[in-house]
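Scroll down for the structure; my scribbles are underneath it.
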Amino acid sequence: MGPAPARARFAAGLFWALLGAALGMAGSRQETSLFKSLGLSAKPTPAAPAPVPSVLWRIFQGRALPPPGDRAPDRACRVEELNVPGNIIRVFADQGHFIHSGEPKTFLCLEKRLYFNFSVLEEGEQLTMAQLEINFSHNSYHTSSGGQVFELRLYQALQMSLRGMSSHTYNHKLLVAQSFAQLHKSLLFNLTEVAKGWRTPSKNLGLILEISVSSRDSAEALPPRRLQNLCASIDSFLDTSLLVVSLNQKQCQASRKRRSSYYTPVTPSNLCKPRRLYISFSDVGWENWIIAPQGYMANYCLGECPFPLTAELNSTNHAILQTMVHSLDPEGTPQPCCVPVRLSPISILYYDNHDNVVLRHYEDMVVDECGCR
Ligand SMILES: *[C@@H]1O[C@H](CO)[C@@H](O)[C@H](O)[C@H]1NC(C)=O
Ligand SMILES: *[C@@H]1O[C@H](CO)[C@@H](O)[C@H](O)[C@H]1NC(C)=O
Ligand SMILES: *[C@@H]1O[C@H](CO)[C@@H](O)[C@H](O)[C@H]1NC(C)=O
Ligand SMILES: *[C@@H]1O[C@H](CO)[C@@H](O)[C@H](O)[C@H]1NC(C)=O
């Protein structure tokens, strides 16, 4: 290793120190525009971060592996794991509340509004999938109610409800009615069509979830105490979330795959080529909101573009002429610049400004090839 890599390391260190300082200035224009290009209104400061849903971990980990050669799927525009177009996957936490409607209804265990704030979706995003997941925690497996059948009803709220109003006196649209045995740990519902309508904030009044003890199961015969126990086994362990996939065409450029040689070879040379640079997100103060990866091999371009330019230097006709002129008049005309000519994307798992967990594909994050331009 000659002095060049050391100088490069120093330069890179300085760059990140300056970037860190720039980002440290609260409200600075650089910070705002950088986060805007990442689809965020500001640097997220997750207050009570939710655990990362296992489906997102699975997809993220699948992507972290280097793709197997040319048969790698086109990850920029499709979520293969869910078989839908998209480059952004969000898991929205439910922000709704339980509804206490005064007079208790005999078989109704719980009534809850489900609300998912869609204001983080940007205008250019096309929603391609929305799936509601209702989880019953493991504790809810009560021996005394193992075989019990419950009934679930899911309504789309179409009109604002007033406090104290019973849910059935205003306008709801029944989306799903199904029975389930308590052995089920989670239930999934396809809400793609409903969620598309929620892009208009005034039309997003959420859902109403009702769970009752099945009356077909001769619940009338059940003593009230047993009914109460059955309901208690359901209602405090409910966890609902909405998985939403969307496609931002602008950030989805077709078929730009990561080169199979993942790391650039280290050969001592002063010629223009990619140099290794590992960016650690904690160095730039982003460790609180980026869940994974902790950093990545971003690389950068450095080196000479001397006369005569060879094919490996990926130059343009203009650059070839510029080196010729430079060789005749080194003072008056500089060498062409060594710049990235091929970049590839990475996936980042993070908390957005609303503490939702997001897995998003970002273009142009890794330098794969350099050229004299
Ligand atoms: C719901 O349950 C499924 C399977 O039991 C699990 O994979 C998933 O992570 C759970 N979701 C939440 C939000 O806890
Ligand atoms: C949704 O989020 C936006 C942006 O933070 C906020 O202004 C709005 O009040 C939220 N809506 C609801 C109903 O909580
Ligand atoms: C969900 O519903 C949409 C529209 O109704 C449909 O196009 C899509 O195939 C469904 N997805 C699944 C996984 O069933
Ligand atoms: C120029 O491109 C070729 C493939 O197109 C690549 O193998 C080579 O590494 C590139 N040169 C540099 C300096 O990155």
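For the numbers below, each heavy atom of this structure counts, side chains included, while hydrogens, waters and symmetry mates do not. Just so we're clear, the structure is a prediction, and the values are computed from it rather than from any experiment. Ligands are counted one by one from 1 in listed order, and the atoms in each one are counted from 1 as well.
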Salt-bridge contact Lys196-Glu125 (side-chain N to carboxylate O under 4.0 Å): no
Over 12 foreign heavy atoms within 6.0 Å of NZ, Lys173: no
Evaluation steps, ring-ring contact (aromatic ring centres under 6.0 Å, His included), between Tyr351 and Trp289: CA-CA 5 Å; Tyr351 293 107; Trp289 64 279; 9.6 Å; no
Derivation and outcome, side chain to side chain donor-acceptor pair (under 3.5 Å), residues Asn83 and Arg78: CA-CA 7 Å; Asn83 195 28; Arg78 257 195 103 69; 2.9 Å; yes
Winner among Val84, Asn190, Thr128 once heavy atoms are compared against atom 6 (C) of ligand 3: Asn190
Min heavy-atom dist Phe118 to ligand 2 below 4.0 Å: no
Validation row, ring centre Phe35 to ring centre Trp286 under 6.0 Å: yes
Protein contact to atom 5 (O) of ligand 3 [nearest heavy atom, distance to 0.1 Å]: Glu193 CG, 3.6 Å
Closest candidate by heavy atom, reference atom 14 (O) of ligand 2, pool Asn117, Asn204, Leu205: Asn117
Atom 13 (C) of ligand 2 [closest protein heavy-atom partner, distance rounded to 0.1 Å]: Tyr115 OH, 3.2 Å
Any protein heavy atom nearer than 4.0 Å to atom 9 (O) of ligand 3: no
Identity and separation of the nearest protein heavy atom to atom 3 (C) of ligand 2: Ser119 OG, 3.4 Å
